[in-house]
Amino acid sequence: MDVPLPSAPSTPPQPKHDKPKRKRAAVPDGRLFRSWESWVVFGLGLLLTGLAWWLLTEQNHRLAEARFRTLTRDLAGDVTARLDTYEQMLQGAVAMVDAGGGQVSRTEWRAYVTGLHVEDRYPGIQGIGYARRVKAPDREQHEAALHAAGFYSYRVTPEGERPEYFPIVYIEPFASRNLRAFGFDMHAEPTRQAAMERARISGTAAATARLRLVQETDEDVQPGFLIYVPVYDQTLPLTTAADRREALLGFVYSPFRAHDLMRSIMDRGASELLDIRVHDGTETTADSLMFDSAIARDAAFQEVLHVEVFGRPWTLVLSGTHAFEGSVASATPRAVLFAGLIITLLLVATVNSVLQDRDRMAELRRSYDALALARAEAEQANAAKSRFLAAASHDLRQPLQTLGIYLHMIGEQTDSPRLHKLVDAARDGFEATQRLLNSLMDIATLETGVISPQLAELDLPVFLERICEEGRLEAAGKGLGFRVTCGGARVATDPAMLERIVRNLLSNALKYTHSGTIRVTCRQARGFTAIKVQDTGPGIPQDRLHLIFEDFYQIGNPERDRRKGLGLGLATVARLSRLLGYRVRVLSRPGRGAIFLVEIPDETTSPRQATETATSEA
């Protein structure tokens with residue numbers, strides 16, 4: 001700012017033409033960029049801000065890609081694991097036939113399949129059947145035996161003379177769609193025959209290519225496939241392929257409707273984060289498509305995996321949903337970008353102020369005023385410069401703290417209720433801004449890894465009593481009970497980091513608990529020491545347990561009211577726990593409060609070790 005000049009000392013009048021001319025003093029011209037120095041500072045600030053934003057964005061993208069790859073491999077593993085389970089059931093049926101010397105009754109078959117509870121435990125499978133090998137000369141005798149058993153309309157289909165037949169004689173559940181398959185010779189159809197011959201020769205399970213099941217009706221038609229496991233006469237040699245071909249008694253098999261199977265696998269939670277297309281074979285064409293959960297769109301994350309299903313190649317095309325992209329999005333790069341722009345503009349303003357002082361000093365040096373006036377102006381300019389630099393330095397280091405002091409002083413010196421209300425509102429805004437900036441700085445510091453744990457031995461009971469003192473006072477003010485229970489326990493940890501973890505958990509419990517008691521306990525278990533913070537608040541729904549450690553996530557605050565917190569406390573807990581190598585678990589049920597457990601290993605773990613955050617019901 002300009003400093004007013006003092007009055008000139010009294011001097012004898014001089015002729016007008018003898019008075020020295022003065023140049024006009026430099027004044028601010030209102031321009032943001034007054035010189036090349038301002039442009040240099042602005043350019044460097046933008047460069048560093050852009051670099052920080054780009055690095056954080058790239059880091060978030062790499063983390064998102066790693067999480068996506070993990071999810072896709074887990075889903076592919078779920079598919080193969082489910083089919084392996086079905087194979088084990090079929091192998092069990094083969095073992096039952098072998099135990100009966102190659103024979104099994106319809107009653108035994110029904111009892112075996114019923115005991116598996118196929119429809120309840122293994123959705124997607126249409127049943128478990130047995131196709132018996134019938135040579136051409138024995139066909140009429142085979143049909144007569146089924147007629148004698150009470151199935152008067154039974155016949156081997158389709159009609160035609162063939163060297164051997166493999167009609168379906170047992171299929172459970174023996175009802176609804178499965179009745180359409182009774183007596184069907186699967187060996188007469190080329191796609192099924194190829195898989196049956198592959199199983200017959202190899203002696204292992206074999207899957208068919210994509211086909212339409214005979215169980216399908218005209219409604220809800222789905223692609224399907226079958227899995228065959230051969231049954232041999234164990235009294236004959238099985239060494240060579242020719243031996244196995246001759247010793248074959250039949251096939252235990254299961255038909256699958258692809259949509260029902262994949263939906264049952266996706267219902268485990270992957271459907272919210274992943275879309276999947278399943279193709280039979282290595283080509284991704286419309287004719288090979290077996291299942292598609294995706295909505296036509298350009299996905300930011302996509303991966304193609306190839307798996308083998310009992311001799312048949314499957315191609316899985318997996319892509320991230322909008323929910324997945326939202327779950328991996330981070331506000332940190334945008335916050336860094338915004339903060340960097342603000343800091344850059346402040347630096348430019350500071351440079352401009354310094355340049356204005358420099359111009360003023362140069363103008364004073366060029367002045368033809370009297371020595372006393374020049375000295376006075378120079379002293380005033382120097383004093384103004386010193387005050388400005390001191391104030392600017394202080395404000396840049398602690399701007400929010402200064403604002404807080406001013407708000408407090410205004411509130412203390414006014415008697416007007418209306419002004420008090422305005423000051424309180426301003427103080428609320430100041431405190432919310434301060435908490436937000438402090439939390440963002442904490443989050444950014446933890447994510448960049450510039451700090452590392454400083455381990456020291458800690459007396460846990462003394463530690464908890466000290467940091468719980470404030471919580472006890474706040475709980476008393478809200479009419480809540482507050483208990484701290486901890487036996488003698490000593491742990492090796494970073495005291496400052498552990499204190500931040502416990503304080504954040506206490507703050508969370510006090511915020512959401514309106515009646516009842518808050519308990520803080522510690523106990524020693526096998527291999528670790530656990531700190532437990534338990535409240536009697538409203539609890540956390542099961543479908544939100546996996547979200548509470550995300551940045552800015554808050555339950556019950558959709559309007560983002562900063563007086564209810566910022567949603568960064570539990571995110572900070574998660575980051576600090578990972579840095580220390582601790583495991584954090586939360587157990588909760590709506591209406592019954594929540595329990596947070598921090599498990600401190602007895603042996604010090606590497607800070608680089610990733611921690612596991614487990615969620616379960618209370």
Side-chain angles (χ1 to χ4, degrees), residues 64-89 116-127 177 207-213 215-216 219-227 254-282 284-310 312-328 541-547 615-617:
E65 284 185 334
R67 185 184 178 197
F68 175 73
R69 286 194 297 270
T70 299
L71 288 174
T72 58
R73 280 155 179 73
D74 288 345
L75 181 55
D78 290 341
V79 173
T80 55
R82 176 67 66 85
L83 293 175
D84 287 343
T85 300
Y86 293 149
E87 183 200 9
Q88 294 302 317
M89 292 191 304
L116 294 175
H117 300 285
V118 171
E119 294 179 330
D120 298 330
R121 297 180 181 175
Y122 309 102
I125 190 172
Q126 293 301 296
R177 294 173 180 264
T208 68
R210 177 182 184 270
L211 49 72
R212 174 169 174 161
L213 301 175
Q215 288 95 328
E216 291 293 346
E219 297 180 358
D220 187 25
V221 178
Q222 301 180 15
F225 66 97
L226 299 97
I227 298 176
S254 282
F256 297 87
R257 305 180 82 211
H259 292 186
D260 294 342
L261 172 65
M262 291 305 302
R263 284 169 186 156
S264 68
I265 296 174
M266 297 289 288
D267 282 346
R268 301 176 61 184
S271 59
E272 297 180 3
L273 301 177
L274 295 178
D275 287 326
I276 182 172
R277 294 198 306 274
V278 181
H279 292 268
D280 174 48
T282 57
T284 56
T285 63
D287 292 336
S288 67
L289 183 63
M290 298 180 66
F291 176 75
D292 188 358
S293 69
I295 301 173
R297 69 182 187 91
D298 294 330
F301 299 89
Q302 190 173 80
E303 186 169 7
V304 177
L305 298 178
H306 298 282
V307 298
E308 184 174 293
V309 177
F310 306 116
R312 282 295 304 174
W314 279 13
T315 301
L316 309 182
V317 182
L318 301 114
S319 56
T321 63
H322 287 299
F324 173 79
E325 293 173 7
S327 69
V328 298
Q542 291 298 305
D543 60 347
R544 301 187 185 182
L545 280 173
H546 65 289
L547 299 173
T615 59
S616 59
E617 287 194 5

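When reading the values below, keep in mind they use all heavy atoms of this one structure, side chains included, and skip hydrogens, waters and symmetry mates.
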Nearest heavy atoms of G127 and S254, plus distance in Å: O-OG, 2.9 Å
Say you draw a straight line from CD1 of I125 to OG1 of T85; how long is it, rounded to the nearest 0.5 Å? 10.5 Å
In Å, rounded to the nearest 0.5 Å, how long is the span from CG of L83 to CG of L261? 6.0 Å
Correct closest heavy-atom pair for T321 and E272 would be OG1-O, 2.6 Å
Distance check, rounded to the nearest 0.5 Å: H322 atom NE2 versus D275 atom CG? 9.0 Å
Rounded to the nearest 0.5 Å, what's the gap from CG on L226 to CG on L211? Could you check? 5.5 Å
Intermediate values then yes/no, side-chain contact (heavy atoms from CB on, under 4.5 Å), L75 and I265: CA-CA 8 Å; L75 181 55; I265 296 174; 4.1 Å; yes
Are V221 and R212 close enough that some pair of their side-chain heavy atoms sits under 4.5 Å apart? yes
Give the C-alpha distance, both sets of side-chain angles, the deciding distance and a yes or no for side-chain hydrogen bond (donor to acceptor under 3.5 Å, both in side chains) between H279 and S288. CA-CA 5 Å; H279 292 268; S288 67; 3.0 Å; yes
Ring geometry between H259 and F291 (parallel below 30°, tilted from 30 to 60°, perpendicular above 60°): perpendicular
Is the closest side-chain heavy-atom distance between S327 and R67 below 4.5 Å? yes
Quick one, V79 with V309, criterion side-chain contact (heavy atoms from CB on, under 4.5 Å). Give me CA distance, side-chain angles, the key distance, then yes/no. CA-CA 9 Å; V79 173; V309 177; 5.6 Å; no
Given side chains that start at C-beta, do those of L274 and F68 come closer than 4.5 Å, heavy atoms only? yes
Could you pull out the closest heavy-atom pair between S293 and M266, with the gap in Å? OG-CE, 4.1 Å
Heavy-atom nearest pair, A76 first then L305, reads CB-CD1, 3.9 Å
Residues at least two apart in sequence or cross-chain that pass ring-ring contact (aromatic ring centres under 6.0 Å, His included) with F310, listed by chain then number, are none
For the pair F324 and F301, name the ring-plane relationship: parallel under 30°, tilted 30 to 60°, perpendicular over 60°. perpendicular
What are the two closest non-hydrogen atoms of L289 and R210, and how far apart are they? O-NE, 2.6 Å
What's the spacing between S319 OG and E303 CD if we round to 0.5 Å? 11.0 Å
Any side-chain heavy-atom pair of M290 and M262 under 4.5 Å: no
Please answer whether the main-chain N or O of F225 pairs with a side-chain N or O of T208 as donor and acceptor at a distance below 3.5 Å. no
Closest heavy-atom pair, Q222 versus A258, reported as atoms and distance to 0.1 Å, is OE1-N, 4.0 Å
Calculate, to the nearest 0.5 Å, the distance between atoms CH2 and CG belonging to W314 and D280 respectively. 7.5 Å
